[in-house]
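Each ligand, and each atom within it, is numbered from 1 in the order the structure gives.
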Amino acid sequence: MAPVSAPDHEIIVVTPEMNELRQQCYDIRIAVFVSEQGFSVDEEFDQWDEDATHLLLRLVPSLKPVGTVRPIRAPNYYKLGRLAVLKEYRQFSFGKALLLGVHDWVRADAIKNGCNGEVKIRAHSQLPVRGFYAKYGYISEGDEFDEDGALHQLMIATIKLD
Ligand SMILES: CC(C)(COP(=O)(O)OP(=O)(O)OC[C@H]1O[C@@H](n2cnc3c(N)ncnc32)[C@H](O)[C@@H]1OP(=O)(O)O)[C@@H](O)C(=O)NCCC(=O)NCCS
């Protein structure tokens with residue numbers, strides 16, 4: 001059977017003042033992490049959310065929000081978290097598009113902040129999606145650990161800046 005092609009879509013960089021679009025990112029996370037996976041709302045939202053940049057993947061021309069991810073700059077590395085695609089829109093490469101969108105955002109942010117050479121992105125991968133991150137260059141480091149009641153694995157990607 002021929003593969004189903006992905007619906008037309010775009011990725012928006014949601015900056016902190018874009019409250020309405022940030023709420024759309026939150027709504028996707030509630031659908032995926034709270035309703036589907038059973039994490040609590042308290043676990044899902046943290047002190048970084050309001051001031052962070054979020055990426056929002058939405059369909060065009062409908063503007064229906066279907067995926068999100070949150071990159072954060074830490075002092076010596078970047079952190080990728082809250083990657084979620086609504087269940088009915090998986091396997092259209094939207095997860096890949098969001099992940100690579102984070103890589104582009106990190107590259108630009110790192111250069112703007114005077115970094116050169118390379119930077120690291122750390123992700124706490126749920127165990128069933130380790131293979132997804134591995135496809136895009138993330139390497140497992142250390143032992144599995146519990147986070148919010150689910151086993152996770154630290155996975156790290158190296159992003160070249162030149
Ligand atoms: C993980 C997630 C974001 C992936 O998004 P997606 O849109 O379904 O994935 P994509 O279509 O972009 O997949 C890209 C590639 O990764 C592969 N892949 C997807 N999920 C995978 C998994 N769990 N394990 C291994 N490979 C996976 C796909 O088969 C595809 O490979 P291909 O290009 O060779 O065909 C999505 O499944 C999701 O939202 N899951 C629930 C939330 C979650 O667990 N988030 C991660 C928290 S750490």
Are any of the protein's heavy atoms under 4.0 angstrom from atom 35 (O) of ligand 1, yes or no?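 Given the 4.0 Å cut-off, atom 35 (O) of ligand 1 does not count as touching protein heavy atoms.
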Would you confirm whether any non-hydrogen atom of the protein falls under 4.0 Å from atom 41 (C) of ligand 1?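 Under 4.0 Å from atom 41 (C) of ligand 1, at least one protein heavy atom found.
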[X] N/O to ligand 1 N/O under 3.5 Å:
| X | answer |
| --- | --- |
| S93 | yes |
| G131 | no |
| E36 | no |
| A84 | no |
| F33 | no |
| Y133 | no |

Going hydrophobic residue to hydrophobic residue with side-chain gaps under 4.5 angstrom, can you get from F132 over to L98?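 Yes; tracing contacts between hydrophobic side chains, which count when under 4.5 Å, links both residues.
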Within the side chain of [X], is there an N or O that forms a donor-acceptor pair under 3.5 Å with the backbone of [Y]?
| X | Y | answer |
| --- | --- | --- |
| E43 | S40 | yes |
| R58 | E10 | no |
| N113 | D109 | yes |

Mind checking whether [X] and [Y] have parallel, tilted or perpendicular rings, split at 30° and 60°?
| X | Y | answer |
| --- | --- | --- |
| F92 | F94 | tilted |
| H103 | Y138 | tilted |
| F145 | H152 | parallel |

Residue, atom name and distance, where the atom is the protein heavy atom closest to [atom]:
| atom | result |
| --- | --- |
| atom 39 (O) of ligand 1 | V85 N, 2.8 Å |
| atom 29 (O) of ligand 1 | Q91 OE1, 3.5 Å |
| atom 14 (C) of ligand 1 | Y136 OH, 3.2 Å |
| atom 1 (C) of ligand 1 | V129 CG1, 3.7 Å |
| atom 45 (N) of ligand 1 | L83 O, 2.8 Å |
| atom 25 (C) of ligand 1 | F132 N, 3.3 Å |
| atom 38 (C) of ligand 1 | R90 NE, 3.4 Å |
| atom 48 (S) of ligand 1 | Q126 N, 3.4 Å |

Just so I know, are the side chains of D8 and L59 near enough to count as touching, which here means a heavy-atom distance under 4.5 Å?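 No. Closest side-chain heavy atoms not under 4.5 Å.
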With a 4.5 Å limit on heavy-atom distance, are the side chains of V119 and L161 in contact?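 Yes. Closest side-chain heavy atoms under 4.5 Å.
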Part of [X] within contact of ligand 1 (heavy atoms, under 4.0 Å):
| X | result |
| --- | --- |
| P128 | backbone |
| K135 | side chain |
| V32 | side chain |

With a 3.5 Å cut-off and no angle check, do the side chains of E141 and Q153 form a donor-acceptor pair?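 Result is no, nothing qualifies.
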Can a non-hydrogen atom of Q37 be found less than 4.0 Å from any atom of ligand 1?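 So Q37 counts as touching ligand 1.
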Apply the test salt bridge (Lys or Arg N to Asp or Glu O under 4.0 Å) to residues D27 and R22: give CA-CA distance (whole Å), side-chain angles for both, the deciding distance (0.1 Å), then the verdict. CA-CA 9 Å; D27 290 344; R22 188 174 66 246; over 6 Å; no
Both conditions, 6.0 Å and 45 degrees, for the charged tip of R73 above the ring of Y78: are they met here?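 Judged by the rule, R73 and Y78 form no cation-pi pair.
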For ligand 1, which atoms, with element, lie under 4.0 Å from some heavy atom of K96?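 Those of ligand 1 that fall under 4.0 Å from K96 are 12 (O).
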For ligand 1, which atoms sit closer than 4.0 Å to a heavy atom of H124?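 The atoms of ligand 1 under 4.0 Å from a heavy atom of H124 are 48 (S).
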Could you walk me through whether E36 and R90 pass the salt bridge (Lys or Arg N to Asp or Glu O under 4.0 Å) check? CA-CA 14 Å; E36 180 187 341; R90 292 184 195 150; 2.7 Å; yes
